[in-house]
Amino acid sequence: MLGNESGETAETNMESSKELLDTPFSLDWVFGRNIKLPIVNLIKNGSGSAFFYVVGHAACIFDAEQNCFVSLLNHPHEINSLDADRARRFLMTSDSRQINIWDSQHRKPLVIHTINYPFDDIGIGAAALSPDAKYLVAGSAKRKCCLKIWLWSYNRDSADGSVNLPSRYGMLKKIRFCQDFEFSHYFVAVFMNGVCFGEWDAKVSKLKVHIPERGFMNCINDAMYMPKTRRVASITNAGQIMLWSDIFPDENETEICNDKEFVKVVKVSGVSLTAIECVDDVIMVGDECGELRFYDKDLRLIYYHSAFDVRGTTIQCIAANVMPRDCKVLETMDFDNCPLRDEDLEKEILYGPLIPRDFSTDEKPLVIRDFLVASGDGRVFSANFMEGEMKEIFQRNMEEILTMDFHPQKNIFYIFSKSGRMMQYHPETKETILDSKIELVMSDRLKTKEEIAGSKLLNDKSDKRPDSGDENTKLEYHYPVQQVTCIKFSKNGIHLMVGTDRGCIYTVDPDSLTTYSPEPYRYTNEPISNMTFSEDSRFFMYSDVTNKVILMYFGVRKWSFVGKNRFHHLPIVDFVAFKMLSTDFSRVLSVGEDQLLVEYDLDQSITQGRLDILSSYRYDQNAVPTSVTYIPPSLLMKLGINTLEYDSVLLITDTDMKIKLVDCNSGSILFTYLGPIFGAPIQQCCFFIKDDMEFLIFSAGNKLGLYLLPIDGNPFRAIGVVASPYNLQKVCVSQDQKQVFTCDVNAFLMWKLHELAVTSHYIAGGSGLEPYCSLLPGGKNGYLFQELLDMFYYIQILTSGMNSVAVNEFIQGTEIVDFMRSVGFFPTDFQIANMLRELELRGAQNITFEQLVVLYLNHKPTKATRGQEVAKAIAYFVRKFVEAEGSQWRTGKQIRNISKKYVIRILTEFAETVDETQAVMCLKELWMQKDESSTNEDAVEEILQRLPEKIDFSKFVDNLVGISFNEEK
């Protein structure tokens, strides 16, 4: 299946994917699958175990026998439907906005037809492809569902037919086509509250839908046509199988139609039925307890074998081989009396007495094709019906993935779930090394009184209902089972710390995944949020959600508590630990959303028996940091930093889409650059070196990106891919620097790096100002570029005098402030100091036009200031003034008028203050009418008296920002 018509194998497909140069990352392997969606068996006949499945936004083809994997990436959102034609040539996938048809006959399946936004912004609920690949049906994702059909091979985006269904049907679950080629235009749609039957009438070119009289029932899970009959079988969550037919009894040889009606229902199980497959005159049904049973078309149980059960989980899908078993049955093993013909040698030989028998009184032989079984925990099994055996071919999912990380000393990566389950994987063999789960328990000595009371209630064997009125019953819900919140490896690979939502720290052996001690450490009752080890692995530091920082020290074979401290008043973004090369001194710092950079005195803390602060700096004004990374000293020169002067530098990204290089010793911002504009700020990043080339691998929302160093704000240095439909939780690089791993809440993926993609992208951007001009409206031919150029030369004229006609290629560095303000960017004093510091670090007193434009683009805000943001800030100060005067502030109060004394206090008392004269002059420009007679020589008191005592708040914001406050609302 994975090869093409010329006989190319799956290995050839994998090699061709490695040659891709148009993308920085190609999906190399996927661990896990979407258990909400079925799998599609790709084996037509005989033995094999290739299937089509989905994980997140990626569709995948996996062959267990060849251990080959092919990814199909073309969806930006999570895939919600998949299907295939009977020949398994054309594959169909859909997400909430897009439907793709893939041709699998190529070396790597290609998209040959795409339908975008078939239901506008409503979204796609489900879709299906007919067995002859002629029809495509999709339904909208709303209660009043709309069904549409396409004859997609005509390459039309508009639907060939549509019909709206009553809202009482509810949301669409799935669509199933009849697998008989003669009736491939028939389909059944399963909804939350019933079923309906549809068909494409080619004579009138119309989509017709039949609603059965008893078609409204809110218990149907799935439905399927029984081949070569006029019946449809459906399963319910009440353990029932329902039959539908167009006539009853259905033995009459009348023309088959799709106007099915309810015939009968038989209860076959005490639990919900979750999977159904109809092949070889047999109905295979799986339930939520993992049992698989076989029924005939009259719903009589004809076969059961415990080997086909999946105990401990749900049977989520049954997918039979496409074609029936091609076999030759021999009643005897005497080949002399029962010779085989040449054409029989190509068939499967079955010995009659060994063929399974059904449960009828006649004990008829039962010959059923092989099939695949998908379980609710993500595993996939290959079932050999004739042998009565089933083997696992796809590993189980990791439930509720929390994070992943690589062993610091070995090329092994670990996956961690919130429940405490941990798995070791080998990135080369892609096999599970160890699967373990730690018991997140603690003794009553460490529990609070409330937790002890809740534990006693949970252990109570009485039959009290939760709503029985017992006042302690609520503790059952307040204190559920512990969940893991974060993990961290020590630098030497000896320790693995696991933090929980109850403030417990469990020490785990990374090799055996067992706890060193049955009792955890507990020095806080709040959930753990961040962890780090010092570079020498002697110190362990962690924080909780209340920003409390706790330090532990590893002494004689055990960890000891040192002290606590709470310095940050906003959430801590992350810790950074590194060692000074010159002094071999371990340092640990924290960065918070309060823009504070805090360093902790580790050695002094042990001596004093408390956690001491060594230094703290506020490195920024208002940008909220999103990630912090230590820059290795070997890369500082690459980034233009003098290592003799600055030996400890952090790379900090923030919500303003900026990348800032911050000195750890002074808290000063050395350089500010525009980061990749991927729709979200960088959340994680790490440095990556390959073939003497330095890169920065980062995640921004659901994007995985690659940045070619050095950082300079060039937008063409960064390129990325959609790596998940969700925000990425973790990004890391393997120890051998060959693969990049990402994980979200449902799966973790392994990517192959193509560094030439970002190199070619960077070259294509051009040189000089050409790549930066793409960030300006209209580029080089736009109005803004011409305005920047005019201001550059105008400043030269002002500096040298109006009588001078000499034009230079540079201006003085001190003139950059006037330049920025003249083009609409009004930097604060703090930002001005940062810009001047950059010029000083580059050793330049003058600046060229090219350098000036780059500086402007790197420092100017990526988002315009909105009027409501200014209004909110002013309202904050007004509330403080009102409360300071003894008055009461009403929550939700709308400010209509603002006093001039409040505005003057804001300008003269907070942040970067101005004196009263400057504040009054600002109010004069904002509030006084243009026709009022006033001069700059007027006394401040006179101007202040002529200003109105109060002014309309919205008008004030309009004048201040230049945007209508009312229109913005």
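Every heavy atom of this structure was used, including side-chain atoms; hydrogens, water molecules and symmetry mates were not. Computed from a predicted model, the values in this text were never measured in an experiment.
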Partners passing side chain to side chain contact (heavy atoms under 4.5 Å, CB included) against Val279 (at least two apart in sequence or in another chain): Glu277, Met284, Ala320, Arg369
Donor + acceptor pair across side chains of Ser360, Asp358 (<3.5 Å): yes
Does NZ in Lys364 sit with more than 12 non-hydrogen atoms of other residues, nucleotides or ligands closer than 6.0 Å? no
Please determine whether salt bridge (charged side-chain N to carboxylate O under 4.0 Å, His left out) holds for the pair Lys173 and Asp222, giving the CA-CA distance in whole Å, both sets of side-chain angles, and the decisive distance to 0.1 Å. CA-CA 8 Å; Lys173 286 185 177 180; Asp222 200 355; over 6 Å; no
Please test Phe308 against Phe371 for ring pair (Phe, Tyr, Trp, His ring centres under 6.0 Å), starting from the C-alpha separation and ending with a verdict. CA-CA 10 Å; Phe308 302 135; Phe371 53 90; 5.5 Å; yes
Hydrogens and angles aside, do His75 and Asn100 bring a side-chain donor and acceptor to less than 3.5 Å of each other? yes
If only atom types and distance count, is the side chain of Asn702 paired as donor or acceptor with the main-chain N or O of Val722 below 3.5 Å? no
Is a side-chain N or O of Arg231 found less than 3.5 angstrom from the main chain of Lys297, in a donor-acceptor match? yes
Quick one: which residue pairs count as a salt bridge (Lys or Arg N to Asp or Glu O under 4.0 Å) with a foot in residues 303-323, not counting sequence neighbours? Glu291-Arg311, Asp309-Arg311
Below 4.0 angstrom, N of the basic side chain to O of the carboxylate: do Asp280 and Arg325 qualify? no
How would you list, by chain and number, every residue that makes a ring pair (Phe, Tyr, Trp, His ring centres under 6.0 Å) with Trp150, sequence neighbours excluded? none
I'd like to know if the side chain of Glu389 reaches the main chain of Ala307, judged simply by a donor and an acceptor atom lying under 3.5 Å from each other, with no hydrogens or angles considered. no
Counting only heavy atoms not in Arg357 (residues, nucleotides, ligands), do more than 12 fall under 6.0 Å from its CZ? yes
Using 30° and 60° as the class boundaries, would you call the ring planes of Phe294 and Tyr303 parallel, tilted or perpendicular? perpendicular
Reported CD1-to-CD1 distance for the pair Ile355 and Ile368, which is rounded to 0.5 angstrom: 11.5 Å
List the residues meeting side chain to side chain contact (heavy atoms under 4.5 Å, CB included) with Asn116, not counting sequence neighbours, and say none if there are none. Gln98, Thr114
Does some side-chain heavy atom of Val137 sit less than 4.5 Å from a side-chain heavy atom of Trp200? no
Any donor-acceptor pair under 3.5 Å linking the side chain of Ser104 with the backbone of Arg88? yes
Asp298 side-chain N/O to Arg300 backbone N/O, donor-acceptor pair under 3.5 Å: no
How about Met386: does its CE atom have over 12 heavy atoms from other parts shown lying under 6.0 Å from it? yes
Kindly write out the residues that satisfy side chain to side chain contact (heavy atoms under 4.5 Å, CB included) with Ala238, not counting sequence neighbours, or none if the list is empty. Thr236, Gln240
Mind checking the NZ-CD1 spacing from Lys264 to Ile241? Nearest 0.5 Å is all I need. 10.0 Å
Evaluate Asp435 against Arg421 for salt bridge (charged side-chain N to carboxylate O under 4.0 Å, His left out), listing each step before the verdict. CA-CA 7 Å; Asp435 188 345; Arg421 185 175 167 214; 2.9 Å; yes
Approximate separation, where rounding is to 0.5 Å, of Ile35 CD1 and Ser375 OG: 8.5 Å
Atom NZ of Lys208 and atom SG of Cys257: how far apart are they, to the nearest 0.5 Å? 10.5 Å
Asp157: partners by salt bridge (charged side-chain N to carboxylate O under 4.0 Å, His left out), with sequence neighbours left out: none
Over 12 non-hydrogen atoms of neighbours within 6.0 angstrom of CZ in Phe359: yes
So, Asn34 side chain and Gly56 main chain: donor-acceptor pair closer than 3.5 Å or not? no
Can any side-chain N or O of Thr314 pair as donor or acceptor with the backbone N or O of Glu288 at less than 3.5 Å? yes
Asn321 (side chain) donor-acceptor with Pro324 (main chain) under 3.5 angstrom: no
Determine the interplanar angle of the Tyr53 and Phe62 rings, folded into 0 to 90°, and report it as parallel if under 30°, tilted if 30 to 60°, perpendicular if over 60°. perpendicular
Name all residues meeting the side chain to side chain contact (heavy atoms under 4.5 Å, CB included) criterion together with Cys146; count only those two or more places apart in sequence or in a different chain, and write none if there are none. Phe119, Ser140, Lys148, Ser162, Asn164
Report yes if the side chains of Leu372 and Ile393 come closer than 4.5 Å at any heavy-atom pair, otherwise no. yes
Taking atom CH2 of Trp102 and atom CG of Leu82, what is their separation to the nearest 0.5 Å? 12.0 Å
Do Ser81 and Leu37 come within less than 4.5 Å of each other through their side chains, counting heavy atoms only? no
Please list, chain by chain and in numerical order, all residues satisfying ring pair (Phe, Tyr, Trp, His ring centres under 6.0 Å) with Phe262, sequence neighbours excluded. Trp244
Determine whether a donor-acceptor pair (N or O, by modelled atom type, separation under 3.5 Å) exists between the side chain of Asp85 and the backbone of Phe90. yes
List the steps and the verdict of salt bridge (charged side-chain N to carboxylate O under 4.0 Å, His left out) for Asp501 and Lys418. CA-CA 10 Å; Asp501 58 354; Lys418 294 181 180 180; over 6 Å; no
Qualifying residues under ring pair (Phe, Tyr, Trp, His ring centres under 6.0 Å), relative to Tyr225, sequence neighbours excluded: none
May I ask you to decide if Leu151's main-chain N or O and Asp160's side chain share a donor-acceptor pair within less than 3.5 Å? yes
Using 30° and 60° as the class limits, which term best fits the ring planes of Phe394 and Phe51: parallel, tilted or perpendicular? perpendicular
Excluding sequence neighbours, so at least two apart, what forms side-chain hydrogen bond (donor to acceptor under 3.5 Å, both in side chains) with Ser96? none
Atom NZ of residue position Lys228 - does it have more than 12 heavy atoms of other residues, nucleotides or ligands inside 6.0 Å? no
Check this for me, if you would: do Arg86 and Asp132 make a salt bridge, where the nitrogen-to-carboxylate-oxygen distance has to be below 4.0 angstrom? no
Rounded to the nearest 0.5 Å, the OG1 atom of Thr93 sits from the CD1 atom of Ile101 at a distance of 7.5 Å
Partners meeting salt bridge (charged side-chain N to carboxylate O under 4.0 Å, His left out) with Glu199 (sequence neighbours left out): none
How about Val268 and Leu299: do any of their side-chain heavy atoms sit closer than 4.5 Å? no
Ring pair (Phe, Tyr, Trp, His ring centres under 6.0 Å) involving Phe177 - partner list, sequence neighbours excluded: Phe187
